[in-house]
There are 2 protein chains.
Amino acid sequence: MTQRGRPRSFDRAAALRRAMEVFWAQGYDGTSMSNLIAAMNVNSPSIYAAFGSKEALFREAVALYRETEGGRILSAMTTAPSTRAAIETMLRVSAEEYTRPGKPRGCLIVLGALHADDGNEVMRRELQVHRAESLTMLLQRLKRGVAEGELPNGPDWRAIATFYITVQQGMSIQARDGATRKALLAVADCAIAAWDGLVSYRRDGRAL
Amino acid sequence: MTQRGRPRSFDRAAALRRAMEVFWAQGYDGTSMSNLIAAMNVNSPSIYAAFGSKEALFREAVALYRETEGGRILSAMTTAPSTRAAIETMLRVSAEEYTRPGKPRGCLIVLGALHADDGNEVMRRELQVHRAESLTMLLQRLKRGVAEGELPNGPDWRAIATFYITVQQGMSIQARDGATRKALLAVADCAIAAWDGLVSYRRDGRAL
DNA sequence: TCATTTATGTGTCAAGCGATACAGAATATA
DNA sequence: TATATTCTGTATCGCTTGACACATAAATGA
């Protein structure tokens with residue numbers, strides 16, 4: 001029993017990529033079905049048949065973003081030789097991803113649904129969960145460094161992880177405002193400049 | 001020749017404050033006239049008579065925000081005894097402002113209109129200008145430190161100013177995601193931990 | 001007292017929103 | 001070839017959006 005009925009006349013994966021870019025550039029609320037119809041070059045009944053709803057389409061777009069763009073940040077982080085290099089790589093690859101020519105600037109997951117207006121509380125919370133996962137993964141990387149003896153046990157690693165995630169998220173806004181790749185890399189360098197001081201925190205929580 | 005005609009039956013300043021809080025919480029696009037009518041407790045013809053349009057109302061709301069909430073950050077920065085204290089104060093006051101109980105979290109100017117959907121390009125650009133001004137003011141404070149001999153002439157002060165603004169903007173997103181005031185203050189501490197290293201940058205741009 | 005001026009509440013406008021009903025077209029199975 | 005199945009384009013649904021027309025209410029000035 002193979003495929004029944006009239007075959008789909010458009011490339012579902014390609015259409016999803018287009019949708020992802022529109023959501024990425026304009027956010028969930030800022031993207032209308034008209035925008036999607038134009039970008040995907042697919043009429044709305046076919047979009048609904050293939051993806052279910054605007055909400056479901058956004059969910060798939062976010063999943064695709066995490067696999068592709070977001071995945072490059074993560075994999076770069078996990079293959080780094082040291083904890084410090086992992087953080088540095090995360091920030092530097094983020095700077096590059098957020099300023100790719102021909103692509104929307106900044107991060108879809110950070111900028112996609114920040115406000116809780118009337119109907120989009122669900123999507124906002126889902127992106128919030130994804131953002132929280134980024135923190136968790138960075139924190140796990142730090143704790144691995146501690147477990148392996150690379151890093152001391154004293155510092156507030158959660159605070160440090162939060163700091164670097166905050167810098168990364170701020171870079172999304174900077175990218176949206178037109179910051180160059182070079183400028184974002186300089187921001188990453190500045191953040192890394194804090195590392196040595198942060199790692200050598202004393203018991204009382206103050207820098208040496 | 002005093003006031004002619006029927007007097008206004010609502011407090012314009014109070015209604016503007018209410019509007020500001022709605023825009024602050026939901027953004028420009030995310031806020032509908034229905035939301036404003038409900039929050040301000042004023043019917044739409046009266047809103048249009050008093051403020052002109054949704055766009056003009058948002059403009060006034062942003063101006064009010066800058067005078068009040070934003071003003072507290074700036075004045076704290078200008079009265080600081082040293083450049084380092086100015087930056088530290090800016091970040092710490094930001095952490096406090098972004099987590100005031102009973103108020104929307106994060107910064108109206110940072111979060112108010114990030115996307116360029118169909119009709120709001122004008123407001124996005126205006127907020128962008130305001131954000132650029134924040135960078136300019138911080139940079140001027142740094143250059144003052146250099147001029148007064150407090151700081152050396154070598155470091156890329158624009159990059160350093162951009163770094164601290166990036167942290168501040170990232171804090172808006174963190175605040176939106178529910179970060180506690182304590183957590184944001186810890187982020188500020190981490191950012192400040194970078195200061196000494198940044199100030200002592202060598203000619204070649206690498207840390208000592 | 002009465003014209004003038006300004007603000008108010010009711011009701012509504014055209015346009016756009018997300019989502020579908022429907023009939024026809026294109027495939028697989030029987 | 002006949003039938004069942006699935007996708008396509010047209011056209012439109014009910015609803016919300018930002019904005020405003022209109023008649024009325026409440027003030028001042030002559």
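FYI, side chains are in, hydrogens and waters are out, and symmetry mates aren't considered; it's all heavy atoms of this structure.
- In this structure, the CE atom of A/M33 is 18 Å from the P atom of D/dA11, given to the nearest Å.
- Ion pair B/E21/B/R17 not flagged as a salt bridge, since none of the NZ, NE, NH1 or NH2 atoms sits closer than 4.0 Å to an Asp/Glu carboxylate oxygen.
- OP1 and OP2 of D/dT8 both lie 4.0 Å or more from every side-chain N or O belonging to A/N43.
- A sub-4.0 Å separation between OP1 or OP2 of C/dT20 and a side-chain N or O of A/Y48 is absent.
- The phosphate of C/dC17 (OP1 or OP2) has a side-chain N or O of A/S34 nearer than 4.0 angstrom.
- No side-chain heavy atom of B/D189 sits under 4.5 Å from any side-chain heavy atom of A/F163.
- Side-chain contact between A/V62 and A/I109: present, with at least one pair of heavy atoms (C-beta onward) separated by less than 4.5 Å.
- In the set C/dA26, D/dG18, D/dT8, the nucleotide with an atom closest to the side chain of B/K54 is D/dG18.
- Mapping B/Y28 and B/G5 onto DNA chain D by nearest heavy atom places B/Y28 closer to the 5' end of the strand.
- Where A/G52 and B/F10 each meet DNA chain C at their nearest nucleotide, the meeting point lying more 5' is that of B/F10.
- The phosphate of D/dT8 has OP1 or OP2 within less than 4.0 Å of a side-chain N or O from A/S46.
- Atom CZ of A/R6 is separated from atom P of C/dA26 by 6 Å (rounded to the nearest Å).
- Residue A/S9 has a polar side-chain atom (N or O) positioned under 4.0 Å from OP1 or OP2 of D/dT8.
- The distance between atom CZ of A/R12 and atom P of D/dT8, rounded to the nearest whole Å, is 12 Å.
- With respect to the salt-bridge test (charged N to carboxylate O, under 4.0 angstrom), the residues A/R105 and A/D177 do not qualify.
- Remark on DNA chain C: of its neighbouring residues A/S53 and B/R8, the 5'-side contact belongs to B/R8, judged by nearest-heavy-atom nucleotide.
- In this structure, CG on A/L16 lies 11.0 Å from CD1 on A/I47, to the nearest 0.5 angstrom.
- Here D/dT16 presents its P atom at 13 Å from CD1 of B/I37, a figure rounded to the nearest Å.
- Residue contacts for A/P45: at a heavy-atom cut-off of 4.0 Å it reaches a base atom on one of the strands shown.
- If you measure from atom CG of A/N35 to atom P of C/dA19, you get 14 Å, rounded to the nearest angstrom.
- The residue B/S44 sits close to a base: some heavy atom pair falls under 4.0 Å.
- Here the P atom of nucleotide D/dT16 and the CG atom of B/D29 are 19 Å apart, to the nearest Å.
- In this model, no side-chain donor or acceptor of B/R4 finds a partner on the base of D/dA27 within 3.5 Å.
- C/dA19 atom C1' lies 14 Å from atom CG of A/L57, rounded to whole Å.
- The distance from atom CD of A/E55 to atom P of C/dA19 is 8 Å, rounded to the nearest whole Å.
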